[in-house]
Amino acid sequence: LSWKFMNDYKWSVKKLLKEIMMSATYRQDSKFTPELLEKDPFNKLYGRGARVRLSAEQVRDQGLCISGLLNEKMFGPSVFPYQPKGIWLSPWNGAYWQKSQGNDQYRRAVYTYWKRTAPYPSMLTFDGTAREVCTARRIRTNTPLQALVTLNDSAYVEMARYFAYRMESQGKDVKQQISKGYEMALYKSISMPDLSVLVKLYNESLQKFKKDRDKTCEMIGVDDKHNNPETAAMVVVARSVFSPMPA
């Protein structure tokens, strides 16, 4: 490829990039077979496409999409989704973060208002840039803080609630609901050991919520038709399913 770059392409970077991107190696899927894994576990032969973690914006967008909350509206001004009080400060003009109302708060992350001195906190946790200096590429990390965001951030808790509603609509059997929800979130069938763990989590949560009406209401967030121990327990499961999504 280096020889072709110098001689055939006459140092044309455009032609070089086209050659790379249209090659069979570059366009390969990240899926692999057991035989390929045994033969080339570290992908030194480029037998499959590289696996990458989702970017900060994609993590949020995926959560909104899976929960059914995603607003696909295009263009327009920036929006202000949920953010903890005290994070966004404007000492020069005393402005405050005014949360967007309605479906605007569920627009794609690319529309989230960004202030250089106070970036959106959950995106920073997933390696979003502060934009104070030029960044050639993002460094993808895997930290416990990321799991804490998807488990406890109010925006993700709300996503988990609506995701739980979707899971409950998949049938009356709890195992079926969890299996379908897992498949919707991770695009693969759930294994029996994972299903057993999530069913156990559901049953334990259900027993706790049956004994504490206030905790049930707190988990659901509103006093409506969903305010019951069964749905609250499914929200706990949905939050757990959300946790490994960025992988």
Side-chain angles (χ1 to χ4, degrees), residues 30-34 37 41 51-54 56 58-70 82 84 106 121-122 125-126 140-247:
S30 62
K31 295 179 181 178
F32 58 90
T33 62
L37 180 62
R51 290 184 169 186
V52 296
R53 298 180 67 80
L54 298 181
Q58 290 171 324
V59 171
R60 174 179 169 81
D61 290 353
Q62 182 176 245
L64 290 171
C65 181
I66 293 171
S67 66
L69 287 172
L70 181 64
Y82 170 81
Y106 305 127
S122 68
T125 307
F126 287 99
R140 293 185 175 93
T141 63
N142 183 7
T143 71
L145 287 177
Q146 294 170 355
L148 288 174
V149 169
T150 53
L151 281 170
N152 300 308
D153 185 287
S154 292
Y156 286 93
V157 171
E158 183 177 23
M159 295 178 202
R161 288 170 182 152
Y162 282 86
F163 182 37
Y165 304 159
R166 288 191 68 191
M167 293 169 69
E168 288 187 320
S169 68
Q170 300 301 311
K172 295 183 178 181
D173 182 68
V174 171
K175 289 185 177 180
Q176 182 182 7
Q177 294 172 358
I178 295 176
S179 298
K180 290 291 186 179
Y182 188 94
E183 190 171 342
M184 285 190 291
L186 299 175
Y187 298 97
K188 63 180 180 181
S189 300
I190 190 171
S191 65
M192 289 306 300
D194 288 343
L195 179 59
S196 299
V197 170
L198 292 179
V199 170
K200 180 181 178 182
L201 176 63
Y202 174 87
N203 290 330
E204 291 177 351
S205 301
L206 179 60
Q207 295 305 315
K208 292 180 180 179
F209 286 126
K210 283 183 175 180
K211 299 176 182 178
D212 195 330
R213 185 173 181 178
D214 292 336
K215 286 292 183 181
T216 300
C217 188
E218 182 181 357
M219 180 58 69
I220 298 301
V222 291
D223 189 8
D224 59 9
K225 63 180 182 179
H226 299 294
N227 187 15
N228 59 76
E230 291 76 14
T231 302
M234 190 59 71
V235 173
V236 174
V237 174
R239 291 168 65 188
S240 299
V241 173
F242 267 159
S243 183
M245 282 198 315

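Only a predicted model underlies this, so the values are computations on that prediction, with no experimental measurement involved.
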| query | Do you know the tightest heavy-atom contact between R166 and S67? | reply | CD-O, 3.6 Å

For residues 199-207, please give each side-chain donor-acceptor pair under 3.5 Å, one per line with the distance, not counting sequence neighbours.
from : atom 1 : to   : atom 2 : distance (Å)
N203 : ND2    : V199 : O      : 3.2
S205 : OG     : L201 : O      : 2.8

| query | Do the side chain of T216 and the main chain of F209 share a donor and acceptor less than 3.5 angstrom apart? | reply | yes

| request: Show the numbers, then the answer: is there a side-chain contact (heavy atoms from CB on, under 4.5 Å) between Y182 and V237? | output: CA-CA 10 Å; Y182 188 94; V237 174; over 6 Å; no

| query | Can you name the closest pair of heavy atoms from V235 and M219 and give their distance? | reply | CG1-SD, 3.6 Å

| message | If I take atom OG1 from residue T143 and atom CZ from residue F126, how far apart are they, to the nearest 0.5 angstrom? | response | 7.5 Å

| field | F163 side chain near M184 side chain, heavy-atom distance below 4.5 Å | value | yes

| Smallest separation among heavy atoms of G63 and M159, with atom names | C-SD, 3.5 Å

| request: Indicate the atoms forming the closest heavy-atom contact of A185 with V241, along with that distance. | output: CB-CG1, 3.6 Å

| task | Of all the heavy-atom pairs spanning Y106 and L69, show the shortest one and how long it is. | result | CB-O, 3.1 Å

| task | Walk me through it: do R213 and N227 pass the test side chain to side chain donor-acceptor pair (under 3.5 Å)? | result | CA-CA 9 Å; R213 185 173 181 178; N227 187 15; over 6 Å; no

| said: Parallel, tilted or perpendicular: which one describes the rings of F242 and Y156, with boundaries at 30° and 60°? | reply: perpendicular

| Spacing of M167 atom CE and S179 atom OG [to the nearest 0.5 Å] | 8.5 Å

| field | Option from R161, K225, E168, H226 for which side chain to side chain donor-acceptor pair (under 3.5 Å) with T231 holds | value | E168

| said: Do Q146 and R53 make a side-chain contact, defined as non-hydrogen atoms from C-beta onward lying under 4.5 Å apart? | reply: yes

| message | The criterion is side chain to side chain donor-acceptor pair (under 3.5 Å); which residues satisfy it with D212, sequence neighbours excluded? | response | none

Quiz: residues 187-198 side-chain donor-acceptor pairs under 3.5 angstrom, not counting sequence neighbours:
from : atom 1 : to   : atom 2 : distance (Å)
S191 : OG     : D194 : N      : 3.4
S191 : OG     : D194 : OD2    : 3.2
S196 : OG     : M192 : O      : 2.9

| What distance separates M234 CE from I178 CD1, expressed to the nearest 0.5 Å? | 5.0 Å

